[in-house]
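Worksheet for the structure shown next.
The structure displayed is predicted, hence computed values, not measured ones.
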Amino acid sequence: QVQLVESGGGLVQPGGSLRLSCAASGSIFSINALGWSRQAPGKQRELVALITSGGYTNYADSVKGRFTISRDNAKNTVYLQMNSLKPDDTAVYYCIARRGISVTDWGQGTQVTVSS
């Protein structure tokens, strides 16, 4: 019902920056929050950042002070600005949408690799 398409992933040096974008389409009126999760090989998927329809944000402790989530309601797009990137940030990043009380939609993911 909701389509999420990520872009902006790639290879970046440690300490560098990258910005991810996610465009939402479909039944967007039912979405009350958009955000990002990530999953590295052999690890469980974890919530990275979330932004509600009212503009309130939440971040994982591991990215606080380095990542910033924002949105453009006119474009139905959510962004993740990632600064001071570390090798531990290497993962597939998924755009997520929340309908109701839980996350219900995921994008197909975009690879972020932090390496020299």
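- Scanning both residues, R38 and S62, for their nearest heavy atoms gives NH2-OG, 3.4 Å.
- Side-chain contact check for T104 and R99: at least one donor-acceptor pair (N or O, by modelled atom type) lies under 3.5 Å.
- Summarising the geometry of I96 relative to W36, their closest heavy-atom pair is CG1-N, 3.7 Å, with the distance given to 0.1 Å.
- In plain terms, the two heavy atoms of V114 and D89 that are nearest each other are CG2-CB, 4.3 Å.
- Minimum interatomic distance between S37 and R45 (heavy atoms only, all atoms of both residues): OG-CD, 3.4 Å.
- By the salt bridge (charged side-chain N to carboxylate O under 4.0 Å, His left out) test, K64 pairs with D61, sequence neighbours left out.
- N32 and G100 make their closest contact through ND2-O, 2.9 Å (heavy atoms, listed as atom of the first residue, atom of the second, distance).
- Looking at S115, its side chain never comes within 3.5 Å of a backbone N or O of T113 through a donor-acceptor pair.
- To the nearest 0.5 Å, the span separating CG on L50 from OG1 on T57 amounts to 9.0 Å.
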Going by atom type alone, with no hydrogens or angles, which donor-acceptor pairs under 3.5 Å involve a side-chain atom of residues 8-29 and a protein atom two or more places apart or on another chain?
from: S17; atom 1: OG; to: N83; atom 2: OD1; distance (Å): 2.9
from: S25; atom 1: OG; to: Q3; atom 2: OE1; distance (Å): 3.3
from: S27; atom 1: OG; to: Q1; atom 2: NE2; distance (Å): 2.6

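- The 12-atom threshold is not exceeded at CD of Q108, counting heavy atoms of other residues, nucleotides or ligands nearer than 6.0 Å.
- Closest non-hydrogen pair, S53 versus A33, comes out as OG-N, 4.3 Å.
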